[in-house]
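Here the structure comes first, spelled out in structure tokens, and everything after it is commentary.
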Amino acid sequence: FIVTLPAHESDSRVAAASPRRDPAAGTVPVAASLRSIRILLVEDDDDTREFLRVALESAGATVDAVTSAEEARRELSGDAPDILISDIRMPKEDGYSLIQSLRNAGMSTPAIALTALARREDADAAYAAGFQLHLPKPIDTTGLIDAVANLVQNHTVH
């Protein structure tokens, strides 16, 4: 059997009634919509990649989803996305190595690390590698959408 659940609550009355804070960004959510935001999602797990792609697209984003660091580099050879979201633990090359190589090549696109590694030391390692945010799995899609909106808004302001 198949169970279908909504990936993102879009009722603005619900969002207005209970404002959430993103502890990583330290701000109130800026938008329920990711319209006109282009995201490169790097995730090796098929189910997680598809779940996140659908959630982000349902919020209005355009999502290019790839399975590896190598594929991410190919995607990045064209126009840079507004934001990069990458898993950390991937075969062949992890997310830390990916973001370090991109930063060394001069890419300044904001990036979010998604990982099951949820200790404070893991967050510190993500920041040191070049990520702006560290979000532990399992992913709260509403929190991810809010984090993307805040990060893109803050990046374009500066």
Side-chain angles (χ1 to χ4, degrees), residues 3-69 71-72 75-76 80-90 94-96 98-99 102-103 107-120 122-158:
V3 176
T4 304
L5 301 173
H8 175 68
E9 179 62 59
S10 61
D11 188 345
S12 60
R13 292 172 297 175
V14 172
S18 60
R20 295 167 314 281
R21 291 195 169 270
D22 176 5
T27 58
V28 174
V30 296
S33 173
L34 300 181
R35 248 186 314 271
S36 78
I37 295 176
R38 207 169 125 242
I39 299 171
L40 176 58
L41 173 65
V42 187
E43 171 62 63
D44 64 309
D45 181 75
D46 294 338
D47 292 335
T48 303
R49 186 177 57 254
E50 182 63 12
F51 172 73
L52 293 173
R53 184 191 63 75
V54 168
L56 293 164
E57 286 179 348
S58 74
T62 300
V63 179
D64 294 316
V66 298
T67 62
S68 69
E71 287 181 48
E75 284 291 322
L76 290 165
D82 297 305
I83 195 159
L84 170 71
I85 300 173
S86 180
D87 185 19
I88 294 298
R89 284 192 176 170
M90 297 183 289
D94 65 21
Y96 296 133
L98 170 63
I99 196 66
L102 296 174
R103 296 298 186 230
M107 187 195 89
S108 62
T109 301
I112 297 174
L114 299 180
T115 179
L117 306 172
R119 300 172 305 159
R120 183 71 213 151
D122 300 316
D124 291 343
Y127 299 135
F131 287 100
Q132 280 70 40
L133 287 176
H134 170 269
L135 298 177
K137 292 180 181 178
I139 298 299
D140 164 36
T141 56
T142 302
L144 175 61
I145 291 165
D146 291 342
V148 168
N150 278 305
L151 193 56
V152 169
Q153 181 188 41
N154 291 335
H155 185 71
T156 57
V157 168
H158 295 113

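With respect to K137, the side-chain hydrogen bond (donor to acceptor under 3.5 Å, both in side chains) criterion is satisfied by exactly one of D87, D45, T115: D87. Among I145, V63, D82, L151, the one residue that satisfies the side-chain contact (heavy atoms from CB on, under 4.5 Å) test with I37 is D82.
Distance CG/L34 to CD1/I39: 5.5 Å, rounded to 0.5 Å. The line from CG of N154 to CD of Q132 is 10.5 Å long, rounded to the nearest 0.5 Å. The CG atom of D64 lies 11.0 Å from the CG atom of L84; values are rounded to the nearest 0.5 Å. Considering CG of L98 and CZ of F131, their distance stands at 6.5 Å, rounded to 0.5 Å.
Shown here for P81 and T109, the closest heavy-atom pair between the two residues is O-CG2, 3.4 Å. When all heavy atoms are compared, the tightest approach of R49 to D44 is NH1-O, 3.6 Å. Minimum interatomic distance between G95 and S86 (heavy atoms only, all atoms of both residues): CA-OG, 4.0 Å. Pairing each heavy atom of R120 with each of Y127, the nearest pair is NH2-CE1, 4.0 Å.
Taking 4.5 Å as the limit, some side-chain heavy atom of L114 sits within range of a side-chain heavy atom of L144.
Between the side chain of R103 and the backbone N or O of M107 there is at least one donor-acceptor pair closer than 3.5 Å. Of the possible donor and acceptor atoms, none in the side chain of R38 sits under 3.5 Å from a partner among the backbone N and O of T62.
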